Amino acid sequence: LVTLNTIVNGLCVEGNVAQALTLTRHMDNAGYQPNSYTFGALINGLCKIGDTKSAVFCLKSMVERNVEPNVVVYNAIIDGLCKRGLVSEGLNLFSEMNDKGIQATVSSYNCLIQGLCNVGKLKCAANLLNEMMEKGVIPDVQTFTILVDGFCKEGLILGARSVICFMVQMGEEPNVVTYNSLISGYCLLNQMEDAMKVFDVMRSRKCYPSVVTYNSLIHGWCKVREVDKAMCLLGEMVDGGLCPDVVTWTTLVGGFCEVGKPLAGKKLFFTMNEYGQVPNLLTCAVILDGLFKCHFRSEAVSLCRVMEESDLDLDIVIYNVMIDGLCKTGKLNDARKLLDCLPAKGLRFDSYTCNIMIGGLCREGFLGDAEDLLMKMEETGCPPNACSYNVFLQGLLRKKDVLRSRKYLQLMKGKGFAVD
RNA sequence: UCACUACUACUCUA
């Protein structure tokens with residue numbers, strides 16, 4: 001059983017949960033009853049691939065077989081649920097756990113607090129912090145950092161700062177992640193001087209910046225179109241012995257594109273290899289999008305060919321970028337051709353693809369085709385979203401088709417979609 | 001003993 005468990009765990013860690021599940025069934029049939037370790041591995045695997053439904057189901061069968069789940073198993077599912085935005089389910093499981101007399105740990109609370117933050121319920125998150133302290137569960141740096149990050153992501157720097165004051169009162173010092181959250185909070189608001197101040201403060205407190213620290217700052221400077229400053233930081237991090245990662249390079253590539261220098265971006269796309277970093281799908285999407293947005297269509301098309309020859313399996317995002325770029329540079333027919341090639345590449349269009357095509361068709365005056373596509377979205381498994389309707393509506397308005405505009409405005413209202 | 005929790009980059013409308 002121990003051997004089999006090890007295999008199950010291995011499969012789960014690799015993300016091969018389906019195989020792990022079949023193996024467990026075979027084990028079970030052969031008389032090797034799965035134990036808490038087996039279930040633990042499966043539940044972890046399921047949560048990691050985002051299949052919380054099956055994880056909950058697994059938990060139930062665990063209980064039915066009288067294998068008692070422990071806190072860690074509960075925590076894993078609570079976290080999985082929270083990460084998918086299903087916080088109320090997470091809270092339910094949390095109370096179910098309490099009812100069974102299983103003591104919640106700091107992790108349990110941390111997962112829930114983060115879940116609440118991610119759905120914008122900062123107040124509830126803060127209340128949960130109080131609740132855990134009342135119950136004698138001591139919050140750790142991570143707890144506070146989650147809250148700091150939550151406030152920062154909402155642009156509420158003052159709230160974040162007060163969390164930091166509070167944590168210091170509680171005897172916890174902010175660590176590098178706490179500072180990183182605060183820095184990206186300032187970057188979000190384009191307050192780069194303040195972000196740099198935090199950077200100085202953390203260093204003066206002997207808290208050493210990480211690659212993430214630099215990446216956040218580099219992104220911030222790129223956003224305010226100061227790529228020079230971003231490049232200085234790149235130099236600084238290398239001098240300081242930190243190794244720029246694929247995020248660093250991707251951010252800089254995007255930064256150069258954003259200021260209208262996509263060829264400089266393309267250069268970085270290649271030089272990153274010399275620094276031991278291989279572009280990933282995101283890097284590819286960024287440079288292709290940048291080239292198109294700066295009207296370097298032929299550069300984009302030829303670079304995409306190079307990418308197709310590489311080891312990367314290009315995904316739908318890449319082709320969305322290409323199709324959008326072609327549409328917007330007046331190559332609707334090429335865009336259509338590329339769209340038709342998707343199945344041969346083993347790819348399926350998504351809602352982005354449809355919205356891009358609707359926009360492209362409208363721009364060239366093919367309102368009827370655009371409308372057909374919009375209607376077809378319902379059937380094809382990617383139902384139109386607010387963006388789909390807005391794109392089409394703008395097409396109608398551009399052609400002064402008031403009558404149909406009215407109709408779609410009503411339709412959108414009915415679906416609760418916001419009109420731009 | 002081990003296993004669960006925090007920070008950074010990408011595509012469509014405004």
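Throughout, a chain's letter reflects where its sequence line sits, starting with A, and its residues are numbered from 1. All of these numbers come straight from a predicted model, not from anything done at the bench.
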Asker: Rounded to the Å, how far apart are M202(A) CE and U8(B) P?
Answerer: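 In whole Å, U8(B) P lies 14 Å from M202(A) CE.
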Asker: Side-chain atoms of residues 392-399 of chain A: list all donor-acceptor pairs with protein atoms under 3.5 Å, sequence neighbours left out, distances to 0.1 Å.
Answerer:
none

Asker: Quick one: ring pair (Phe, Tyr, Trp, His ring centres under 6.0 Å) pairs with a partner in residues 249-299 of chain A, sequence neighbours left out?
Answerer: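 Of all non-adjacent pairs touching residues 249-299 of chain A, those that pass ring pair (Phe, Tyr, Trp, His ring centres under 6.0 Å) are W249(A)-Y275(A).
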Asker: If you only use heavy atoms from C-beta on, which nucleotide in U5(B), U11(B), C7(B) is closest to the side chain of D79(A)?
Answerer: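 Closest nucleotide among those given: U5(B).
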Asker: Applying salt bridge (Lys or Arg N to Asp or Glu O under 4.0 Å) as the test, list every pair that has at least one member in residues 249-261 of chain A; sequence neighbours left out.
Answerer: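 Every pair satisfying salt bridge (Lys or Arg N to Asp or Glu O under 4.0 Å) with a residue in residues 249-261 of chain A: there are none.
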Asker: Would you compute the distance between atom SG of C82(A) and atom CD1 of I77(A) and round it to the nearest 0.5 angstrom?
Answerer: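 That separation rounds to 12.0 Å.
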Asker: Just jot down the side chain to side chain contact (heavy atoms under 4.5 Å, CB included) partners of E274(A), sequence neighbours excluded, or say none.
Answerer: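 If we apply the side chain to side chain contact (heavy atoms under 4.5 Å, CB included) test to E274(A), skipping adjacent residues, the hits are T271(A).
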Asker: Donor-acceptor pair, distance only, cut-off 3.5 Å: does the side chain of K223(A) make one with the backbone of C187(A)?
Answerer: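 Side chain of K223(A) to backbone of C187(A): a pair is present.
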Asker: Between U11(B) atom C1' and L314(A) atom CG, what is the distance in whole Å?
Answerer: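 One finds 14 Å between C1' of U11(B) and CG of L314(A), rounded.
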Asker: So, is K293(A) close to the C12(B) phosphate, meaning a side-chain N or O under 4.0 Å from OP1 or OP2?
Answerer: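 Answer yes for this pair, as a side-chain N or O of K293(A) is under 4.0 Å from OP1 or OP2.
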Asker: Got a sec, which residues hit ring-ring contact (aromatic ring centres under 6.0 Å, His included) with Y109(A), two or more places apart in sequence or on another chain?
Answerer: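 Counting only residues at least two positions away or on another chain, Y109(A) forms a ring-ring contact (aromatic ring centres under 6.0 Å, His included) with F94(A).
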Asker: Hey, does the side-chain of D245(A) have a donor or acceptor N/O within less than 3.5 Å of a partner on the base of A9(B)?
Answerer: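 When only heavy-atom distances are counted, D245(A) does not reach the base of A9(B) through any donor-acceptor pair under 3.5 Å.
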Asker: Is it the case that the side chain of N180(A) and the backbone of I183(A) share a donor-acceptor pair, with hydrogens and angles ignored and the cut-off at 3.5 Å?
Answerer: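 Not at all, since once roles are kept as given, no pair shorter than 3.5 Å links the two residues.
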Asker: Look at the side chain of I146(A) and decide which nucleotide, out of U5(B), A9(B), C12(B), has an atom nearest to it.
Answerer: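 From the listed options, U5(B) comes nearest.
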Asker: For residues 323-341 of chain A, which residues have at least one heavy atom under 4.0 Å from RNA chain B?
Answerer: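 The stretch gives D324(A), K328(A) as the residues lying under 4.0 Å from the strand, ordered by number.
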Asker: Look at all strands and tell whether N385(A) reaches a base, only sugar-phosphate, or nothing, counting heavy atoms closer than 4.0 Å.
Answerer: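 No contact.
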Asker: Taking only residues at least two apart or on different chains, which pairs with a member in residues 70-85 of chain A satisfy salt bridge (Lys or Arg N to Asp or Glu O under 4.0 Å)?
Answerer: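 Counting only pairs at least two positions apart or across chains, the salt bridge (Lys or Arg N to Asp or Glu O under 4.0 Å) contacts touching residues 70-85 of chain A are D79(A)-K83(A).
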Asker: Within residues 163-180 of chain A, find the residues that approach RNA chain B with a heavy atom at under 4.0 Å, and present them sorted by residue number.
Answerer: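 Under 4.0 Å from RNA chain B: N175(A), V177(A), N180(A).
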Asker: Give every residue pair that meets the ring pair (Phe, Tyr, Trp, His ring centres under 6.0 Å) criterion with at least one member in residues 170-216 of chain A, sequence neighbours excluded.
Answerer: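 Residue pairs with at least one partner in residues 170-216 of chain A: F199(A)-Y214(A).
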Asker: Please work out if D315(A) contacts a base, only the sugar-phosphate, or nothing of the nucleic acid, heavy-atom cut-off 4.0 Å.
Answerer: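 Since no nucleic acid heavy atom lies under 4.0 Å of D315(A), the category is nothing.
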Asker: Can you tell me which nucleotide in A14(B), C4(B), C7(B) comes closest to the side chain of V72(A)?
Answerer: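 So the side chain of V72(A) is nearest to C4(B).
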Asker: Which residues, if any, of residues 375-382 of chain A bring a heavy atom under 4.0 Å of RNA chain B?
Answerer: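 Listed by number, there are none.
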Asker: Considering only heavy atoms and no angle criterion, is a donor-acceptor pair shorter than 3.5 Å present between the side chain of Q394(A) and the base of U13(B)?
Answerer: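 No, no donor-acceptor pair under 3.5 Å.
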Asker: Where the side chain of V212(A) is concerned, which of U8(B), U13(B), C10(B) is the nearest nucleotide?
Answerer: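 Side chain of V212(A) sits closest to U8(B).
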Asker: One thing to verify: whether K197(A) and D194(A) come together as a salt bridge, which I'm taking to mean a side-chain N less than 4.0 angstrom from a carboxylate O.
Answerer: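 K197(A) and D194(A): salt-bridged.
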Asker: Charged N to carboxylate O below 4.0 Å: is that the case for E378(A) and K415(A)?
Answerer: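 Counted as a salt bridge, because a side-chain N and a carboxylate O are separated by less than 4.0 Å.
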Asker: Which of the following nucleotides, A3(B), U8(B), U11(B), is nearest to the side chain of D289(A)?
Answerer: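 Side chain of D289(A) sits closest to U11(B).
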Asker: Please report the distance, rounded to the nearest Å, between CG in L393(A) and C1' in C12(B).
Answerer: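 In whole Å, C12(B) C1' and L393(A) CG are 15 Å from each other.
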Asker: Can you list the steps and then say if S95(A) with N98(A) is a side chain to side chain donor-acceptor pair (under 3.5 Å)?
Answerer: CA-CA 5 Å; S95(A) 30; N98(A) 285 330; over 6 Å; no
Asker: Looking at the side chain of D420(A), which of U13(B), U11(B), C7(B) is the nearest nucleotide?
Answerer: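 Of all the options, the side chain of D420(A) is nearest to U13(B).
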Asker: Write down the distance between CE (M237(A)) and C1' (A9(B)), rounded to a whole number of angstrom.
Answerer: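 It is 13 Å, rounded to the nearest whole Å.
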Asker: How long is the line joining CD1 of I287(A) and P of U11(B), in whole Å?
Answerer: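 Distance check: I287(A) CD1 to U11(B) P gives 13 Å.
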Asker: Would you indicate what V317(A) reaches in the nucleic acid, counting non-hydrogen atoms under 4.0 angstrom: base, sugar-phosphate, or nothing?
Answerer: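 Touches a base.
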Asker: Of the nucleotides C12(B), C4(B), C10(B), which one has an atom closest to the side chain of N355(A)?
Answerer: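 Output: C12(B).
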Asker: Any side-chain to backbone donor/acceptor pair from N390(A) onto D420(A)? Under 3.5 Å, distance only.
Answerer: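 Checked: pair present.
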Asker: How close or far is atom P of A14(B) from atom CD1 of I356(A), stated in whole angstroms?
Answerer: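 So the CD1-P distance, I356(A) to A14(B), works out to 13 Å.
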Asker: Please list every donor-acceptor pair under 3.5 Å in which a side-chain atom of residues 143-157 of chain A meets a protein atom from a residue at least two apart or in another chain.
Answerer:
unit_1, atom_1, unit_2, atom_2, d
T143(A), OG1, N110(A), OD1, 2.7
T143(A), OG1, D140(A), N, 2.9
T143(A), OG1, D140(A), O, 3.3
T143(A), OG1, D140(A), OD1, 2.7
T145(A), OG1, V141(A), O, 2.7
T145(A), OG1, T178(A), OG1, 2.8
D149(A), OD1, K153(A), NZ, 3.3
D149(A), OD1, S181(A), OG, 3.4
D149(A), OD2, K153(A), NZ, 2.5

Asker: Under the criteria of a ring-centre distance below 5.5 Å and an interplanar angle below 30°, is Y352(A) stacked with the base of U11(B)?
Answerer: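 Y352(A) vs U11(B): stacking yes.
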Asker: Calculate the interatomic distance between L42(A) atom CG and C4(B) atom P; express it in whole Å.
Answerer: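 Taking atom P of C4(B) as the reference, CG of L42(A) is at 15 Å.
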Asker: With a cut-off of less than 4.0 Å, is there a side-chain N or O of K83(A) near OP1 or OP2 of A6(B)?
Answerer: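 So the side-chain polar atoms of K83(A) do come within 4.0 Å of the phosphate oxygens OP1 or OP2 of A6(B), strictly under.
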Asker: Tell me the interatomic distance from Y319(A), atom OH, to U11(B), atom P, rounded to whole angstroms.
Answerer: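 Roughly 18 Å, once rounded to whole Å.
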Asker: Considering only heavy atoms, which members of residues 249-273 of chain A lie under 4.0 Å from some atom of RNA chain B?
Answerer: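 Contacts with RNA chain B under 4.0 Å: T250(A), T251(A).
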Asker: Please round to the nearest 0.5 Å and tell me the distance separating atom CG of L288(A) and atom CG of N320(A).
Answerer: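 Reported to 0.5 Å precision, the distance equals 12.0 Å.
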Asker: Is there a side-chain contact between K153(A) and the phosphate of U8(B), meaning an N or O under 4.0 Å from OP1 or OP2?
Answerer: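 Yes.
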